[in-house]
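In what follows, chains carry the letters A, B, and so on, assigned in the order in which the sequence lines appear, proteins first and then strands, with residues in each chain numbered from 1.
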Amino acid sequence: MRTAVFHQSFRDDERLLDSRTQRAWMAAFLAALFTMPFWGSDYLLAMACIVGIHLVATLGLNVTTGSAGLISLAHAAFMGVGCYTVAWLARHGWPFWLTLPTAGALAALLGVVVGLPSLRVKGLYLAIATLAGHFVLSFVFREWDSVTGGVPGTTIPRASLFGFELRGDRRNFFLIFGCVVLLALAARNLARTHHGRAFVAVRDRDFSAEILGVNLLRTKLAAFAVGAFYAGVAGGLLGYFYGSITPEYFALTLAVFYLAAIIVGGLGSVLGSVLGAVFMTFVPEALRLLAHAGSQWLPGLAGLLLPMGQVVFGLLIIGFLIFEPHGLAAVWARVRRTFHLWPFKT
Amino acid sequence: MTGITRRTLVQSIGAAASLGPFAVGGAAAQAHKGDVIIGASQPITGIFSFAGVAMNHAFNDFVTWKNAAGGVAGRKLRYVSEDSGFKLDQGVAIFKKIMAAEKPSFFFGDSTPWSKAVAQDARASGHVITSSPSLAGALADPAGMPHHFVPGSTYGQLQEILMEYIARSARGAAAKPSIAYVYSDGEFGRDGIPAGKARAQKLGLNIVGEIITRQAGVDVPPEVAKLRRMRPDIVIFQGYLVAPIPEFVRQLREAGLNPQIMATAWALDRGTYEAVGALGTRLTGVSTYRYPHETADSPMMAIIRDQLAKSRPDFKHVSPYYICAWLCGMVYAEIAERCLKANKPLNLANMKAAMESMTAFDTGGLAGLLADLSGHQIASGRIYAYDPDKKTMEPASGWIKA
Amino acid sequence: MTPTPAAGLGLSVEGVDLRFGGIHALRGVSFQAGPGQITAVIGPNGAGKTSVFNTISGFYRPAAGRIRLGESDITTAPVHARAGMGLARSFQNIALFRGLSVLENIKLGGHHGMRTGLLSALAFTPRARAEELALREEVERRVIDFLEIDHLRHKPVDALSYGLQKRVELARALAMRPRVLMLDEPVAGMNREETEDMARFILDVQEEWGVTVLLVEHDMAMVMDISSHVVVLNFGEVIAAGTPAEVRRHPAVIEAYLGAEVHP
Amino acid sequence: MSEWSILAETVLLGALSGGVMALIALSFVLVYKGTGAVNFAVGEVMMLGAYLYYAGVVSFDLPPWLAFVGSLVVIMAVSALVERLVLRPLAGQSVVAMLMATIGLASIIHGGVEAVAGGDTYSPPGLLPRTPMTIGDILIPGAVLGNFAIAALLILGFLAFFRWSRAGVALRATASDPVTAATLGIHIHRAQQLTWALSGLVGTVAGVLIASSVGLSPLLAGTALAVLAAIVLGGLDSVAGAIVASLIVGIVEALAAGYLGGKTREVVPYIVVLVVLVVRPYGIFGTRAIERL
């Protein structure tokens, strides 16, 4: 029960951070985040950049599958589209603040095309239709040598801002987390507008939503477009971060990784995407540290534990599905609620 | 515990034991003044684990042997490696972690994507020479990848050596043999094909057809049907480790065809030549490295055998991956030695110059001829053919330079 | 304050035929719902009441016949466009969206009136914020206060009692700025007191907003009490229509409900 | 060889390889019809079965046929266990949840097999003699014939089982309407467990057939994904559709590989899927799901 939070106007009631404590926490979090390049170690920065890229893609999938309930297995392919678009445009001298939105837009366009079957089919048929979309796009990545560099892949010139080259993890960090904050805010805003509500309505009962005036055609395609836009931007950031990419990176396992992230994190919420992306990226890392720490006493542990990465990954998905369907976001909310009036009893 | 699991567990426990102390202990172990550090992101787990485990053992054994023999110009070698699981994200993160923590002078990765992904950071760091088991032509590029070298011949060169051998052995014959390519739809499969076809054309050899298949789970019958129509004298496989080659050979024989079966580098491992040999077919192919049983002609092979007897008695099968990694260790040590002897710091410029000065590097017989590393690769190889009696691969030609 | 919505429109169903494969659900159904009036459609279970509603909503496409809303023929209009024309609806088995709070469910009613584009929604431009706040103002004033559910705003929908859920559904329908309000068994499963509340709300809506109400309901007392025109359906056919009094005495209706009189 | 016999050979080989694909498709459809869930882990169960068979032959020195039967029994037990521990707690949850549960399952099996058996490729012994057959100048390899024979036999057995045996009818009833089936005294949980066990069995047979011809490695699981194209073409909930569609996709893949080059082999079935989904959204034989409002 939250006390001392009284709104005078609807505007206050509708704000994202509606209490001073929330605004304080958010300010502290953002400060810690954007000063990380100065106190973080190289390794931490590298992992943070990878988490940031996965987070942008997870935010997108949480719109398509989390909010609108349209299962998409083509998310990794959309990321590929974004990455190759940025690679091609950057080679022709376009600056990053132009290549990233264009990459997102192109990926969004393909998202709409792959999303077309969602108008006539639902559930598992749709999942298989997006799977088909994934394989068709992967085929294009491997064969269209002139643009994508074909099987050997292609290189992406570093992003540069007015000649100041974004090289090394520190500079890329700001580019990536600038996008993360912007796109997370956008996703959060979407949930406050009628588009966001329409997505959830289409997920829960799309026939009733239609009768209430929700245009299913435009809403489902918009869900695919927004999700693909995010994946496209994430692909672009990936290209700038790695500097070179091959088609193998955008495998089906990556699409499954993002599905797992939104389920473990929490379907349909931005907080869910954040928690899911961070958690799922660090599972293999945590396993490695556990294996090394344990290998002092149990030499065999690393040998057994490391390949178990995939087993743990699967166990997590099933565990969360059965015991905590609303994911880490629900756990986070429960924890926060117990500390609302800390140290007093709620 | 089933047979296959016991062998694998032993391997992986061995890997873990070597991994454990070095990976974590490495940082903690008191770093001697100016240790020469070799970092590695090895695919200990994942679909390439059998190669990763072997290469990890090789580097450990090489470092133990080299330090026992006085190290490098008085300095000790230290090997720090972690498991990449053959995933790009993890492999790159490990590279950055070890570069930050250990400032290594040498780094060994797990694949072509890895080598390309870390290229810009490796070059920018200015103090590391990288390498990997990938024989892709794009990686042997002194100008584009000054910090990288390929510990063997590139796929293209291997194909060229193969074509030279085919042309040479057909000199007396009436008609030139017809050749068919069967390769997998990935960089591992496609990379060397254009060079091979070009050399074949130059030598007047006739390529009657190309068959491209998936990396795994290949539907063999329709492809064999096509081969039947091509009627090739020689079938060259490229881009497979074991999987479909034995089945291709089996169905070719059932269809009454008996072409000569050829392959390159990694495909010439025991799994393949034994399976194909069991079908009564002599697998032939080009390899940059000698085979472990050739201790007579290669003093270094004898050293490897002794070192293994000491440190890893139950490690029976020495695969080409082990030899490649050991050879790579030797190149690293030689580069370091040449710089330190001329008391030049181990930075990129000096190490690159030292590497390119190694035009007649004695690999102790591992790579046959004296190796010339000026092109950031070892462009030589020899043809080996399977000997059903000895059940090993025996030399079938002299050493050929690409 | 936003302008009060335009007065209710007349709704006429003309000779509608509906078939599901072999089943002939509706046979030449015709009736009118006078503008600003409360018209009830009654009949035993399986008479085709919900089928008529679904056909008017556009969920089923009739084999023959026409549906007219005010002047325009909406028989083939796309389902989602009908909300924009002023056709609002509640559902027999409650169709609230579990993923949305009560307030969000109600706001969804206003969806067809929103003009903010996707991009400006993502950026939440001042225009987008203004439109959302205007919708919030309107929903608060004209629906939430009106139906006295301001204590439920941020509650999850499935935490509410059955009666309250029905009221939220009515609120959502009202948020659609309806000109014709279709209510599918609004008081089914409610106790006496809740039924009276709901009946009062329906009457208030009709009187204050001048909205045309089309009602499907089994609670005879409530129907006869508040509706000015009653249509009786049986086996997909209109067997009687008129004022509550006329219909009550109509022989065909009695027979359909109570079975034939046994003549001595 | 004349143009015609090349075409005939390609089509025949495609149809024959479609036989094994039909087994995998049957494995998918069984679970979908029985429990409403698509099992994305069919490929992994297939691979696990093949590994069990190989372990039986190598580690326990069993003759191939005994090892084969052994692996079938173990897989049926494993599948039943999976249904009990993973699927039943999720009954009633959304489609996304069921789909993701099987994807999680696939990742567990894949990781487990890789941890124990490593990434090497093994070649398990074949079950059948491999005498090829020639019709005119068309030659059909023995392996393909053997695989098709076993697949056909098993599929006919299943169709008979579903048509005439009491348990088969009970499974069909549970599949079409679990609630009514329960009221008629059919123990629906045991029926669904049996469906999963049978799906595992069919998958393992396909796994052993493919592994003994193409080699056994964790990547074997990938071949099952191509079958998804077939079952969509045939309609997710129709056994006959899945079988016919698998033959069609087998032929389409063979024609694509034959005339458009090996590279297109993997993507052509998916292009066919996209076309079908737009034209006939529920596949050729699939029934259109009726939405109740």
**Asked** Taking atom CZ of B/Arg231 as the centre, does the number of heavy atoms from other residues, nucleotides or ligands within less than 6.0 Å exceed 12?
**Response**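 Check fails, neighbour count at 12 or below.
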**Request:** Calculate, to the nearest 0.5 Å, the distance between atoms OG and CZ belonging to D/Ser5 and B/Arg229 respectively.
**Result:**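 With rounding to 0.5 Å, OG (D/Ser5) is 8.0 Å from CZ (B/Arg229).
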**Item:** Heavy-atom pair of closest approach, residues B/Ala225 and D/Leu13
**Value:**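 Of all heavy-atom pairs spanning B/Ala225 and D/Leu13, the closest is CB-CD1, 3.7 Å.
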**Asked** Do NZ/NE/NH1/NH2 and the carboxylate oxygens of B/Lys226 and D/Glu9 come within less than 4.0 Å?
**Response**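 Result for this pair is no, no salt bridge flagged.
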**Which portion of B/Glu223 sits near chain D, non-hydrogen atoms under 4.5 angstrom** =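 Just the side chain, heavy atoms under 4.5 Å.
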**Prompt:** For B/Arg190, is it the side chain, the backbone, both or neither that has a heavy atom under 4.5 Å from a heavy atom of chain D?
**Reply:**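 Side chain of B/Arg190 only, per the 4.5 Å heavy-atom cut-off to chain D.
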